[in-house]
Enquirer: 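Next up is a structure, given as structure tokens.
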Amino acid sequence: MSARVLRWVALVVCASLFALPLVYMLSVSLHREGTGLGGSLADLAHDAHPENYGVALEKMGDFPRLLANTVVVTVLSIAGQLLTCSLAGYAFARIEFRGRDALFVAVLATMMLPEQVSAIPRFLVFRSLGMVDTFAPLVLPAVLGGAPFFIFLFRQYFLTLPAELTEAARIDGCGHLRIWWSIALPLARPMLVTVGIFTFLAAWNDFWSPLVYLFSPERSTLSLALASFNRTYDTAVEHMMAASAVVLAPCLIVYFVAQKLFLRGVQVAASKH
Amino acid sequence: MRERRLGPLRSTCYNGAAMLPGALLACCASSWSAAPQEWRDRRLVVMVDERSFESWPGLVELEREFEARYPGLDVRLTDMGGAVGQQDKPRFMLTGDLQLDVARIDVTEFGAFLAEGALVDLEPYFARDASWDATQYLAVIDGMRDARGHLYGLTSTFSPYVMYYNRDLLRAHGLDAPRPDWTWDDLLAACRATTVDLDGDGRIDQFGISLTQWLQAVTPWIWQNGGDLLDERGERSRLAEPEAVAALTFVRGLLHEERVASFDASFDNQLSQGLFQAGRAAFYGPVGYWETYRFKYIEDFEWDVAPLPRGQRAATSLAMTAYVVPRTSREPELAYEFVRALAGERFQRLLARIGNGVPGRISAARSVDFLKPDVAPASEHVFLDVLPQARFMPPLANWRKIEDLCSSELQSILLLEQCDVAAACGRMAARTDEYLARERVRAARPRLPEGTLALALSLSMLGALGLFVARRGPRPGRIARAEERSAYAMLVPWALGFCAFFFGPALATLVVSLCEWSPLRELGDARWLGVDNYARLATDPTFQRSLAATASYAAASVPLGLLLALALALLLRDEGALATGARTLVYVPAIVSPVIVAAVWRFLLDPDRGLLNDALFRCGLPTPAWTRDPDWVVPSFVLMSLWSVGGQMLVFVAALKAADRDLEDAARIDGAGWWRRLWHVTLPQLSPVILFNAMIGLLNAFQIFAQPYIVTQGGPGDASRFLVLYLYESGFRHLDMGYASAIAWVLFALLAALGFTLWRCSARWVHQSARRAA
């Protein structure tokens with residue numbers, strides 16, 4: 001009995017410790033402008049300022065536009081990432097071909113390459129393609145190339161599918177592309193959702209690429225607008241935290257909605273190494 | 001190099017005699033008639049972000065006026081979008097040769113832009129413009145002149161460094177407001193009198209002074225003591241000389257011997273409410289005018305500004321930003337006109353009202369908009385009064401690099417309890433001298449022959465492809481070849497992206513790492529260096545510290561992360577609603593953007609008012625200064641990383657669910673205790689997942705960037721200048737892309753070696769049956 005109580009206490013303590021910074025963020029975001037870090041939760045009972053959120057949105061600029069831009073970039077990235085990575089993952093997992101291991105090592109090696117390493121040459125590539133100040137540089141690396149980690153995940157997943165499944169289709173004369181599309185992908189739903197969520201988070205939270213590639217305000221994204229709250233002079237902590245909460249909210253919503261499938265994908269990834 | 005002392009213009013400025021009626025100044029329309037009639041399809045790209053939301057409407061007004069004056073012209077105002085103190089975006093536009101007509105730069109960057117030929121010389125435009133009259137501006141515009149005296153830009157706002165003081169607090173301790181000619185001794189005496197432990201708990205909670213610590217803020221002390229940063233010609237550091245050493249010893253003494261000062265006022269702390277704002281410091285400084293913006297919230301006490309206290313003489317440093325026309329301007333004439341409008345009466349008065357800085361235009365600086373008689377501080381005029389003693393930082397091309405070389409040593413002088421000031425100054429001077437000597441021979445190096453980069457790239461790609469084709473094995477049968485073709489077809493999208501965005505750029509980085517190249521110049525102007533960059537890495541103490549910081553961060557965050565994730569997973573593995581809910585709460589931080597993580601934790605870890613230290617203090621535990629203490633800054637980032645451990649935890653939970661419960665039950669029936677079951681049954685089954693998490697953790701740990709970039713900018717000292725951050729700074733702040741590329745390749749090699757070693761060693765401890773399943 002006492003062991004159960006102890007466990008229960010440990011659970012609650014852990015969960016609240018992890019939730020605390022976010023509660024703190026919300027608390028600061030509701031205080032009167034200029035309170036800084038001095039405010040306490042108790043003050044909020046009689047002196048809450050939800051209008052901070054309105055001010056924060058206003059300061060971020062054209063909020064609907066920012067939101068739309070971010071959504072477009074995110075959706076295109078997810079679509080591209082899912083198609084390319086599952087294609088490559090399928091080829092690595094289900095087809096015998098010469099040089100497969102060498103290519104797969106190349107995929108894994110890209111994981112060791114920090115983003116900043118290739119930033120300038122990559123910038124020059126996009127400039128010569130005339131794509132600077134468009135969404136292409138944000139989306140193309142996801143559509144082509146794909147993140148090596150996701151290719152790895154798809155490969156692991158497709159490895160677990162029973163061989164008979166594809167062999168029967170092969171005998172019936174199905175090409176690999178067809179098998180990938182109509183057999184492998186539908187079976188990979190949990191993995192699609194998992195990779196989709198990872199891509200969503202990466203694209204939604206990406207700060208570096210929009211900073212480097214987007215110049216026109218009408219193409220700006222949410223995370224870029226959020227970063228401009230880090231300005232030296234007239235940033236009120238309260239507004240900054242309110243804007244952070246607004247940008248964070250869709251991530252939370254998407255996560256909660258897709259949680260079940262996401263966890264199944266993680267389950268598959270973790271159990272089938 | 002010559003300091004840009006404020007010249008003879010000043011006297012006329014101060015008399016105010018040269019002022020012309022404001023209305024006349026406002027209409028600075030182009031006075032030459034060569035302007036084309038057709039403006040359709042022409043654009044003017046303006047990036048003059050004042051880092052203030054309030055200035056935007058004023059800019060929009062200027063935009064509308066311009067578009068009305070030139071029908072068809074499209075004026076595009078764009079946002080800088082960067083973080084504190086960073087001006088990366090204009091640089092990217094210059095590198096990308098993108099149209100940028102008007103930009104706003106910091107005067108400390110002027111030298112670099114000038115040396116790289118990145119700015120349009122505005123002198124011919126001024127010469128042609130009858131309405132131009134330099135005497136309408138304070139002499140600070142001389143900071144934007146080159147060696148020939150040509151003017152390259154006009155002042156947006158500027159600010160000399162002054163001292164803020166809490167009038168009520170001084171009064172309460174029986175002290176008067178500082179006189180204009182007060183001295184170091186007066187400051188020390190006042191600080192001693194006002195440093196108090198108010199609640200008698202043994203922690204001092206009211207300080208004499210809240211000191212600022214960045215180079216521009218520390219330099220006045222050195223100047224006041226008769227010392228200097230560099231010699232007249234800008235070739236040798238003077239920081240090791242007795243005057244500089246004595247000045248730094250005095251400042252350090254306020255902190256560590258007299259204990260009347262607090263260091264809560266670092267740049268990264270300006271967002272939070274400082275000691276001074278909380279009414280618990282008598283003085284705050286040296287710092288510029290921009291703080292008045294934050295302090296407008298102060299209602300509890302009366303505050304004002306005074307000139308800095310004198311040492312042997314009076315001196316202060318000067319910060320400034322200016323509007324310039326970059327070399328990538330497509331409409332220099334219109335750009336010039338826009339610069340004139342930005343520096344014109346109306347917009348300058350708007351800037352004065354906002355209170356970012358002192359406007360450069362005399363009429364605006366002396367208007368009620370700036371002096372604000374009914375708003376604190378009462379003595380705005382101090383910012384103008386101290387100008388005769390104010391100087392800019394040396395206008396060297398590589399000033400940012402020198403500043404960074406110095407600031408790490410400077411921070412250790414000021415922050416560390418034990419420090420041999422003279423020796424540290426000696427090191428600072430030696431590093432600066434070495435750097436300056438190397439820079440002098442830079443231009444003499446040979447250019448990289450035309451097309452080398454393209455040739456190297458295509459040869460390497462062809463080579464890699466050839467190697468792949470040659471080594472992939474014997475030619476298989478017909479059916480296998482058909483299979484192979486479909487596999488290659490499926491890999492095409494990946495292969496395209498791999499070559500264009502990863503492999504190709506990485507190779508290009510390798511070539512650049514053998515060169516000297518500033519991103520402000522054309523890529524064709526890269527200078528061949530051979531392995532010099534790598535040789536420099538071997539002897540660069542900053543790089544060594546950066547490597548050490550990164551290694552210790554990884555060594556702490558990876559194992560601790562694994563342990564915590566595993567412990568949480570064991571605790572939360574149940575299916576019950578409570579465990580599921582707790583799992584979600586623990587995972588959620590992992591989906592928060594690094595930008596937000598950094599912002600929230602910066603406040604949580606605030607040494608004086610942060611939640612964490614509050615809690616520690618109440619429990620009677622020591623309260624470290626976290627991100628402001630060189631010994632605690634890496635642990636601070638480890639703590640941040642532990643908060644985001646939810647992803648690893650989920651993977652462990654999933655693996656535990658998939659693990660064979662029968663084995664555990666069997667062990668329990670055999671009488672194995674909890675610990676033995678964990679060690680002999682559960683962990684072996686988890687071993688492949690542990691390897692997986694360790695690998696991902698290692699990669700992430702070595703690539704940490706966003707958090708230190710936002711929270712500490714590498715400080716204090718070099719304590720959190722992690723590898724990717726140092727790489728970024730070398731490339732984009734010091735404009736030394738070759739060196740940054742060398743760091744990149746060292747990092748890549750290091751990661752590959754570590755990953756490979758980890759994988760090879762795993763054969764010993766990763767459970768065999770599990771390994772086979774992979």
Side-chain angles (χ1 to χ4, degrees), chain A residues 10-11 15 18-19 21 24-25 34 36-38 59 84 87-88 91 95-99 110-114 116-118 120-123 125 127 132 141 144-146 176 201 205 207 211-212 215-217 224 226-228 230-235 237 244 248 251 255 266-267 270-271 273, chain B residues 51-53 78-79 81 83-84 92 96 271-273 290 293 297 356 468 472-473 483-484 486-487 490-491 493-494 496-498 501-502 505-506 508-509 571 578 582 585-586 589 591-593 595-596 600 603-604 606 609 650-651 654-655 658 688-689 699 703 724 727-728 744 748 751-752 774:
Chain A
L11 264 174
F18 273 83
Y24 181 69
M25 176 175 104
L37 306 184
K59 284 189 173 181
T84 308
L87 257 181
I95 310 180
E96 289 283 342
F97 60 96
R98 289 178 292 161
T110 357
M111 279 168 77
M112 319 273 173
L113 210 64
Q116 284 75 14
V117 171
S118 44
I120 278 284
R122 199 189 288 195
F123 181 80
V125 168
R127 183 188 65 157
V132 170
L144 301 171
H176 278 297
L201 294 176
N205 293 335
F207 155 66
L211 173 70
V212 171
F215 298 104
S216 309
L224 199 56
L226 183 62
S228 63
N230 263 341
R231 290 188 238 217
T232 316
Y233 304 116
D234 54 351
T235 300
V237 188
S244 300
L248 177 60
C251 298
Y255 175 71
V266 172
Q267 181 78 50
S271 50
H273 278 282
Chain B
R51 293 182 180 272
S52 146
F53 296 105
T78 74
D79 188 357
V84 180
F92 273 113
L271 279 182
S272 58
Q273 203 191 25
W290 53 86
Y293 191 94
Y297 296 113
N356 278 359
F468 174 72
R472 64 183 169 164
E483 284 276 285
E484 200 172 88
S486 52
M490 293 177 103
L491 287 176
W494 166 76
L496 276 179
F498 177 72
F501 307 129
F502 295 98
T509 306
L571 184 67
L578 190 66
L585 280 181
V586 172
I591 66 178
V592 179
S593 141
V595 176
I596 302 180
V600 173
F603 301 139
L604 278 175
D606 188 282
R609 287 161 310 283
L650 278 193
V651 173
V689 183
L699 290 178
Q703 299 184 23
V724 177
L727 178 163
Y728 178 83
F748 176 57
L751 276 178

Enquirer: Rounded to the nearest 0.5 Å, how far apart are CZ of B:Phe498 and OG1 of A:Thr84?
Expert: 15.0 Å

Enquirer: Which atoms of B:Ile591 are under 4.5 Å from chain A, going by heavy atoms: the side chain, the backbone, both sets, or neither?
Expert: both

Enquirer: Please look at B:Leu727 and chain A and tell me whether the side chain, the backbone, both or neither of the residue comes under 4.5 angstrom of a heavy atom of that chain.
Expert: side chain

Enquirer: May I ask you to test the A:Leu226-B:Ile596 pair for a side-chain heavy-atom distance under 4.5 Å?
Expert: yes

Enquirer: What is the minimum heavy-atom distance between A:Phe18 and B:Leu585, and which atoms define it?
Expert: CB-O, 3.9 Å

Enquirer: Only counting residues at least two apart or in another chain, list the ones meeting ring pair (Phe, Tyr, Trp, His ring centres under 6.0 Å) with A:Phe97.
Expert: B:Tyr488

Enquirer: Which is it for A:Asn205 and B:Val595 under the side chain to side chain contact (heavy atoms under 4.5 Å, CB included) test, yes or no, and what are the steps along the way?
Expert: CA-CA 8 Å; A:Asn205 293 335; B:Val595 176; over 6 Å; no

Enquirer: With a 4.5 angstrom heavy-atom cut-off, could you sort out which part of B:Leu571 is near chain A: side chain, backbone, both or neither?
Expert: both

Enquirer: For A:Ser244, is it the side chain, the backbone, both or neither that has a heavy atom under 4.5 Å from a heavy atom of chain B?
Expert: both

Enquirer: What pair of heavy atoms forms the shortest contact from B:Pro493 to A:Leu87, and how long is it?
Expert: CG-CD1, 4.3 Å

Enquirer: Considering only heavy atoms, which portion of B:Val592 lies under 4.5 Å from any heavy atom of chain A: side chain, backbone, both, or neither?
Expert: both

Enquirer: Under the salt bridge (Lys or Arg N to Asp or Glu O under 4.0 Å) rule, collect the residues that match up with A:Arg98, sequence neighbours excluded.
Expert: B:Glu484

Enquirer: With a 4.5 Å cut-off on side-chain heavy atoms, are B:Thr509 and A:Pro121 touching?
Expert: yes

Enquirer: Please give me the minimum heavy-atom distance between A:Val266 and B:Ala654, naming the atom from each residue.
Expert: O-CB, 3.9 Å

Enquirer: Is chain B contacted by the side chain of A:Leu201, its backbone, both, or neither, given a heavy-atom distance below 4.5 Å?
Expert: side chain

Enquirer: Measure from the side-chain N and O atoms of A:Arg122 to the backbone N and O of B:Pro505, and report whether any donor-acceptor pair falls under 3.5 Å.
Expert: no

Enquirer: On a heavy-atom basis, which atom in A:Leu144 and which in B:Gly497 lie closest, and how many Å separate them?
Expert: CB-CA, 3.6 Å

Enquirer: Considering only heavy atoms from C-beta outward, does the side chain of B:Glu483 approach that of A:Glu96 to under 4.5 Å?
Expert: no

